[in-house]
Amino acid sequence: MVFNISGPYYCGNICCSLEEKKVRAFILGLDGATFDVFEEWVDAGKLPNFRKLFEESTRGHLITTIPPLTPSAWSSFMTGKNPGKHGVLDFYELDEEMNVKVSYRKARKATTIWKYFSMKGYRVISIHVPFTYPPEPVNGIMISGFLTPSLNSSFIYPPEMRDEFIKNFPDYRFAENTRFSERREDQEAFREEIFENMKLRMKVADYMMEKYPWDLFMVTFMGIDHAQHWYWRFYDKDSPYYDPEGAKSLGDTIFKAYSLIDDYLGDLLARLGEDTYFCIMSDHGFGRFYKQVFVNNWLKERGFIKFKRDVRTLVKRSFYEVGLDTKKISELVFKSGLGKLWAKFSSESKASLASGFGITFKDVDWRRTEAYSFGYFGPVFVNLEGRFPFGSVKHEDYEKVREKIIEAMLELEDPERGKKIVNKVWKKEEIYNGPFVDRFPDVVVAMDDFAYTSSTFPFPSKRLFATPFTYKSGEHRMNGVFIFKGPGVKRNYFIERPSIMDITPTLMQLFRIPIPEDMDGRVLKEIFE
Ligand SMILES: [Zn+2]
């Protein structure tokens, strides 16, 4: 899609205002925010600034990437492209030797909104957008976000700003230090830290906004996401984990996270004025969480996975059979109060600890294995020849094996609920296109609309279903939040199904930046008068 940027705009007002005034845009990223949760509070008048904003803006449920995962969703926002073109699908990747690796920003192989704007000479400030570590060079400032290791890392661009930042914000954190656990005191402390981090980030945003020039400003908050992941059980009476006792003191955690943003909004919108384009977006929605499903166990049961028969694997399997598995060990470490230490372990070291005790991909007999699962929501890869060193499935058998996997996945049942849980299956080419699709899972599934997740470790337990030791009770959904206001933007208007990939091209159009043909997102023309 290419727009004629020298010709008249589709909106006369924008055209005129562009000639005379400098365009500015501010994006407020709210990881995990969903109308499903907060719209009723807006209607009830409990979030007055959101209420006012709704009247002045266009809004709609923002459709995110499949599956609705933070790294792929934010990457699709930043690039305006589907994951097949930027390469990021999950928090973790497998290397050639089937070791689990954390994927960082550099896994993303497509130009970002920051770069498009920088190249045109616009000044960019970006704070805490997930999956931006290490920060990329921009015409402006970038402070990397979620998954940045610590203040000791190279978290800021330009690096010369580091001292100034640390002097002004010595207590800045990229994540909470406390971990949610079964203990009530940890739950209180964790929630306080969620709120503290949100407030701290507001201070950083205010400081940067006032002190440095910008044309495009973005700040993202993780607080709503975290509150919904861990405090859902105190909020949703129909959650299988609903805790009425805990709800007395913790039931308002999710509301408070939205309310903090509402307070901030009032002040922020007044400062930005009517001429600044203002966008609120989230990377996915939220809903009830049910269970973890260890999809590899299912594939093993169905004969897709075969284990090695050597002594090492046999010994590990005997531990596994009696229930001394990676999940149990992690749980014991977590409950022993060493949870903080465990959290500090890199995924690589957790994985190597796991490989000492538990069954891992190293115990799989790849020559006899047709398929395996790897990824947060349990997608399945065909063990295709040529893809990995020990690929066993011949190209001519690929479709046959894939059909068999789909059939098996559709039969996966949660016996406790008496319910088949896979409600949607996609072949990868139905949802992705681009140079990275070859590396992606061949079968993508939604288990009860993503209310079930899988596990990073391939075989954490002998069981098929379990509850995670992190006590998670809320999980991602497909519909995020889109709110947009500014000169010429329709007021109190509802847009049907905008995509997370549409925001970048829409902003580029407003700034008269040419939109590359291979961008998947489109300009949301219908939101303009
Ligand atoms: Zn997210």
Side-chain angles (χ1 to χ4, degrees), residues 27-38 61-79 82-83 86 88-92 102-105 107-108 112-113 126-133 143-148 173-176 179-180 190 193-194 197-198 201 218-232 253-254 257-258 260-261 279-289 347 375-379 444 446 449-454 456 468 470 472-483 498-501 503-504:
I27 312 171
L28 183 62
L30 301 178
D31 201 287
T34 174
F35 292 120
D36 292 353
V37 168
F38 82 101
H61 294 281
L62 192 67
I63 305 305
T64 190
T65 50
I66 300 171
L69 260 181
T70 302
S72 57
W74 285 109
S75 296
S76 282
F77 149 70
M78 280 177 237
T79 61
N82 89 88
H86 59 64
V88 177
L89 211 53
D90 213 312
F91 290 101
Y92 302 98
V102 178
S103 48
Y104 280 115
R105 186 267 292 172
R108 188 170 49 242
T112 61
I113 184 170
S126 168
I127 300 167
H128 206 67
V129 179
F131 233 65
T132 50
Y133 175 81
I143 298 163
S144 58
F146 182 59
L147 296 184
T148 303
R173 274 162 297 178
F174 295 94
E176 295 77 21
R179 286 284 173 272
F180 190 97
F190 184 49
E193 255 200 283
I194 288 175
N197 281 358
M198 290 174 81
R201 206 143 291 133
M218 177 155 190
V219 57
T220 295
F221 294 88
M222 298 303 293
I224 288 171
D225 176 90
H226 292 183
Q228 290 172 159
H229 267 308
W230 283 283
Y231 295 84
W232 197 272
T253 306
I254 295 175
Y258 282 98
L260 273 176
I261 296 294
C279 176
I280 293 185
M281 61 161 296
S282 68
D283 55 334
H284 47 74
F286 249 90
R288 211 164 286 157
F289 169 78
S347 292
Y376 195 82
F377 286 108
V444 178
D449 270 334
F450 305 104
Y452 288 75
T453 59
S454 191
T456 312
T470 57
K472 177 174 75 171
S473 54
E475 196 44 87
H476 301 178
R477 292 292 186 276
M478 283 302 294
N479 54 327
V481 162
F482 173 75
I483 304 173
S499 155
I500 195 160
M501 298 182 285
I503 296 172
T504 287

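Whatever order the structure lists them in is the order used to number ligands and atoms, beginning at 1.
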So, for Gly285 and Thr34, which heavy atoms are closest and what is the spacing to 0.1 Å? CA-CB, 3.8 Å
Are Ser76 and Thr65 close enough that a side-chain donor and a side-chain acceptor fall under 3.5 Å? no
Taking backbone and side chain together, does Asp31 place any N/O/S atom at a distance below 2.8 Å from the Zn ion (ligand 1)? yes
Report the angle formed at the Zn ion (ligand 1) by atom NE2 of His284 and atom OG1 of Thr70, rounding to the nearest 10°. 100°
Step through it carefully: locate the ring centre of Phe289, locate the ring centre of Trp232, and say whether they are under 6.0 Å apart. no
Which heavy atom of Arg477 sits nearest to which heavy atom of His284, and what is that distance? O-CB, 3.3 Å
Among the N, O or S atoms of Asp283, the one nearest the Zn ion (ligand 1): OD2
